Chemist: 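I am attaching a structure below and will ask some questions about it afterwards.
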Number of protein chains: 2
Amino acid sequence: MPQLDATDKALLELLQNDSKQTNKALSLSLGLSVTAVYERIRKLEKSGVIKGYVALLDKKQVNRNFVAFCHIKLVQHSQDYVVRFEKQVANLEEVLECYHISGDYDYILKVLVADMQEFRTFMVNKLTKIDHIGSTHSMFMINEVKHSTKIPVP
Amino acid sequence: MPQLDATDKALLELLQNDSKQTNKALSLSLGLSVTAVYERIRKLEKSGVIKGYVALLDKKQVNRNFVAFCHIKLVQHSQDYVVRFEKQVANLEEVLECYHISGDYDYILKVLVADMQEFRTFMVNKLTKIDHIGSTHSMFMINEVKHSTKIPVP
DNA sequence: ATCAAATTTAGAATATTTTTCTATAATATT
DNA sequence: AATATTATAGAAAAATATTCTAAATTTGAT
């Protein structure tokens with residue numbers, strides 16, 4: 001694990017806000033030369049601190065504005081069952097996030113589709129076709145208050 | 001709302017996977033000229049389909065690997081209370097996502113901190129300091145099965 | 001504290017990429 | 001079918017990323 005100094009942290013914050021800034025712009029923000037910025041970024045990429053760069057889309061504009069949170073309980077919790085379940089869930093493109101969690105349910109999923117009809121189709125044809133699911137409980141997004149990909153760097 | 005053809009959709013998928021690809025690389029993938037790719041991207045940016053470009057970090061490497069999901073119920077639901085609550089929550093950097101949802105609770109939050117100690121500090125000093133919170137219920141991530149920012153384009 | 005090694009930085013040179021420009025081709029409109 | 005609009009390609013120009021060299025700074029050991 002690499003040691004991040006204050007400049008690295010500032011740089012990570014800038015790149016998490018906008019990764020399309022030029023190194024010159026970054027160098028001005030940070031008070032460094034272009035090469036210094038370039039080398040720092042390279043290091044952060046190589047060490048895996050920066051996982052990658054992506055474009056973020058507007059859900060509404062691509063007609064995927066229906067968000068559901070599905071809680072799932074498995075019928076059994078043997079290694080095999082868990083591994084198989086997780087693989088199958090990860091393969092569903094509608095499932096953007098899946099976490100194994102503590103509490104009454106085993107998993108929480110964030111599912112993205114166009115509307116309730118599509119969600120129904122997803123449940124019937126995809127999710128509940130997965131083996132070893134005991135029970136599910138879904139909640140639906142009424143409004144998105146905040147959605148950020150920006151991890152605060154300590 | 002702009003009409004997206006198959007090429008736009010393919011382009012959006014490519015850019016959601018890796019926004020650092022050059023236009024030449026994209027043009028090869030799509031079988032177009034560099035200029036055609038350039039103009040399409042410009043259009044997608046201007047119309048707001050592409051909201052922006054960001055660097056994605058590795059939670060573990062920046063010591064923010066503790067994820068909590070907090071369900072929150074408000075004591076009242078008047079316009080004023082809701083607006084104030086949402087503003088205050090959105091200002092907390094530990095809260096990466098916040099959704100108003102259907103069901104037993106009003107909101108679900110995704111909170112990112114270093115560890116349980118920090119989570120406790122967050123709850124005591126920040127979250128529960130927010131007005132009008134009735135009750136909360138937290139679940140903790142045991143394992144991240146999937147976490148993608150990629151919206152499937154229909 | 002002092003020295004040597006390693007790392008970081010800056011500025012210039014080079015390579016690559018983005019952006020603009022012009023002309024042509026495809027698509028839509030009447 | 002004729003015209004206007006939009007999309008595309010290729011070349012030229014501008015901007016940017018990357019490499020290189022050398023100087024400066026930091027680090028670690030003595």
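Values in this document were obtained by computation on a predicted structure and should not be read as measured data. Throughout, a chain's letter reflects where its sequence line sits, starting with A, and its residues are numbered from 1.
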Chemist: Could you tell me the separation between the CD atom of A:Gln3 and the C1' atom of D:dT26, rounded to a whole number of Å?
Modeler: 14 Å
Chemist: Measure CG/B:Leu26 against P/D:dT8 and give the value in whole Å, please.
Modeler: 14 Å
Chemist: Is there any salt bridge (charged side-chain N to carboxylate O under 4.0 Å, His left out) pair reaching into residues 12-38 of chain A, and which pairs are they, with sequence neighbours excluded?
Modeler: A:Glu13-A:Lys150
Chemist: Side-chain donor-acceptor pair under 3.5 Å between A:Tyr81 and A:Gln79, yes or no?
Modeler: no
Chemist: Protein within reach of the bases, or only the backbone? For nucleotides 10-22 of chain D, mark each nucleotide 5' to 3' as B, S or -, using heavy atoms under 4.0 Å.
Modeler: BB----SSBBB--
Chemist: Between B:Lys146 and A:Glu86 (salt bridge meaning N to carboxylate O under 4.0 Å), is one present in this structure?
Modeler: no
Chemist: Write down the distance between OH (B:Tyr53) and C1' (C:dT18), rounded to a whole number of angstrom.
Modeler: 12 Å
Chemist: Would you verify whether the NZ or CZ of B:Lys110 falls within 45 degrees of the ring axis of B:Phe69 while also being under 6.0 Å from that six-membered ring's centre?
Modeler: no
Chemist: Using whole Å, what does the distance between atom C1' of nucleotide D:dA7 and atom CG of B:Leu30 come to?
Modeler: 14 Å
Chemist: Rounded to the nearest Å, what distance is computed from the NZ atom of residue A:Lys46 to the C1' atom of nucleotide C:dT7?
Modeler: 14 Å
Chemist: Could you state the atom-to-atom distance from CD1 of A:Ile41 to P of C:dT8 in whole Å?
Modeler: 15 Å
Chemist: Suppose we screen for ring-ring contact (aromatic ring centres under 6.0 Å, His included). Which residues come up paired with A:Tyr107, at least two apart in sequence or across chains?
Modeler: A:Phe85, A:His100
Chemist: Are any side-chain N or O atoms of A:Gln21 and backbone N or O atoms of A:Leu14, one a donor and one an acceptor, separated by less than 3.5 Å?
Modeler: yes
Chemist: Write down the distance between CG (A:Leu11) and P (C:dT8), rounded to a whole number of angstrom.
Modeler: 13 Å
Chemist: Rounded to whole angstroms, how far apart are CG on B:Asp8 and C1' on D:dT6?
Modeler: 13 Å
